[in-house]
S.K.: 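A single structure is presented below for examination.
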Amino acid sequence: MKTNFLFFALLFIAWRCQNKNSASTDPQQNRYYRIYNEIYTGWSKIPLASTQQKLNAYLQEFPENANAQMLAGNIAFSFAEYDKAVEHYRAAIAIQPRQAILYSALGSAFNFQNKTDSAEKYLMKAISMNDSSSYTFLNASLLYLKMNNKEKCRSFADSAFAKGNISQVTYSGLCFIFNQLNETEKSREFYTQAVALGLKDTLAFKEVLDGKLKLEDYYRT
């Protein structure tokens, strides 16, 4: 996929930074961690569909692993299986209700389903819990663009940029947003940054800017 499974890496890096597994003297607990760690460390080396199969089997035995639920949700998200993604994110939230990034992921999945009320609810929940990732603010901006609320759209886009450490995905999203807001100079600046960081298939992305291809379809294919 053009953007390394869309926002997958952004979400999961943030999640892993907040959650570190520890060893246990209980053999079953050690198995719980060992099998999951094998899946996690190997996901980038094998087809995602294979990782998804392994996760599904793992979660049959250990559904209480929020990390695994998050990873399963992100993989489903990358396959545009948004109902499955929502199911996994909800399961992760039930286990770890104080993790803001989970609400952000759930809100983003609803956003891609065009369920704007639910998307707004969970993205704002993440922000109210002090989620400071540019990913969350970008998705909030995209949501308000969809809702034709230009003031909030611009505000959240500016906040996404202010967070710093922005990826090519975020830069391309900001490029699209400011293009839609008819702020050509800003849009061009973000496009240049996205390309510099490795934005792929720029011809297809220009089709997005010209309204010939949906942004989510560009990221998905």
Side-chain angles (χ1 to χ4, degrees), residues 1 3-113 115 117-140 143 169 220:
M1 295 185 180
T3 55
N4 285 334
F5 320 124
L6 188 59
F7 302 112
F8 181 12
L10 296 177
L11 272 172
F12 208 70
I13 288 169
W15 172 249
R16 287 290 291 185
C17 286
Q18 298 174 38
N19 295 271
K20 297 184 183 294
N21 294 333
S22 58
S24 168
T25 57
D26 184 336
Q28 182 72 345
Q29 279 293 94
N30 282 335
R31 185 168 177 275
Y32 167 98
Y33 291 126
R34 177 179 56 77
I35 296 175
Y36 173 70
N37 284 333
E38 287 174 359
I39 294 171
Y40 172 72
T41 56
W43 73 261
S44 62
K45 303 171 186 175
I46 63 175
L48 270 187
S50 297
T51 299
Q52 188 177 50
Q53 289 179 345
K54 290 182 178 181
L55 273 173
N56 288 341
Y58 175 84
L59 287 170
Q60 289 293 316
E61 185 173 2
F62 300 113
E64 71 277 14
N65 188 330
N67 284 21
Q69 294 287 0
M70 177 68 166
L71 179 56
N74 286 335
I75 292 176
F77 188 102
S78 74
F79 286 140
E81 297 172 348
Y82 300 123
D83 287 339
K84 285 185 180 179
V86 165
E87 181 180 341
H88 287 299
Y89 293 147
R90 286 192 184 280
I93 287 171
I95 301 162
Q96 294 282 353
R98 297 183 181 180
Q99 295 292 340
I101 193 68
L102 296 175
Y103 296 93
S104 174
L106 182 57
S108 299
F110 280 130
N111 197 10
F112 271 70
Q113 289 181 308
K115 296 180 179 180
D117 288 346
S118 294
E120 183 177 34
K121 174 183 176 180
Y122 289 106
L123 286 170
M124 293 306 103
K125 173 73 172 177
I127 291 171
S128 74
M129 295 173 69
N130 297 319
D131 183 340
S132 60
S133 68
S134 60
Y135 163 83
T136 300
F137 284 85
L138 172 67
N139 275 281
L143 170 65
V169 177
R220 185 182 303 142

S.K.: Taking the six-membered ring of Y103 as reference, does the NZ or CZ atom of K125 fall below 6.0 Å from its centre and within a 45° cone about the axis?
M.R.: yes
S.K.: Do the charged groups of E38 and K54 touch, with an N to O distance under 4.0 Å?
M.R.: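 Salt bridge: no.
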S.K.: Test of understanding: with salt bridge (charged side-chain N to carboxylate O under 4.0 Å, His left out), list the residues that count as partners of E87, not counting sequence neighbours.
M.R.: none
S.K.: Under 4.5 Å between any side-chain heavy atoms of Q52 and E81, yes or no?
M.R.: yes
S.K.: Please tell me whether F77 and Y82 form a close aromatic pair, meaning their ring centres lie under 6.0 Å apart.
M.R.: yes
S.K.: What about the rings of Y122 and Y89, do their centers lie closer together than 6.0 Å?
M.R.: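 Centroid distance Y122-Y89: not below 6.0 Å, so no.
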S.K.: Between Q113 and D83, is there a side-chain heavy-atom distance shorter than 4.5 Å?
M.R.: yes
S.K.: Side chains of S104 and L123: does their closest heavy-atom pair fall under 4.5 Å?
M.R.: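 Side-chain contact under 4.5 Å: yes.
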S.K.: Taking C-beta and beyond as the side chain, do Q99 and I93 meet within less than 4.5 Å on heavy atoms?
M.R.: no
S.K.: Using 30° and 60° as the class boundaries, would you call the ring planes of Y58 and F62 parallel, tilted or perpendicular?
M.R.: tilted
S.K.: Any donor-acceptor pair under 3.5 Å linking the side-chain atoms of N67 with those of Q96?
M.R.: no
S.K.: Between Y36 and L71, is there a side-chain heavy-atom distance shorter than 4.5 Å?
M.R.: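 They are in side-chain contact.
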S.K.: Can you see which heavy atom on P63 is nearest to which on Q69, and at what distance?
M.R.: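 Here P63 and Q69 meet closest at O-NE2, 3.0 Å.
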S.K.: Does some side-chain heavy atom of L138 sit less than 4.5 Å from a side-chain heavy atom of S134?
M.R.: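 S134 vs L138: side chains apart.
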S.K.: If you measure from CG on L106 to CG on N111, what distance do you get to the nearest 0.5 Å?
M.R.: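 Going from CG on L106 over to CG on N111, the span is 11.5 Å.
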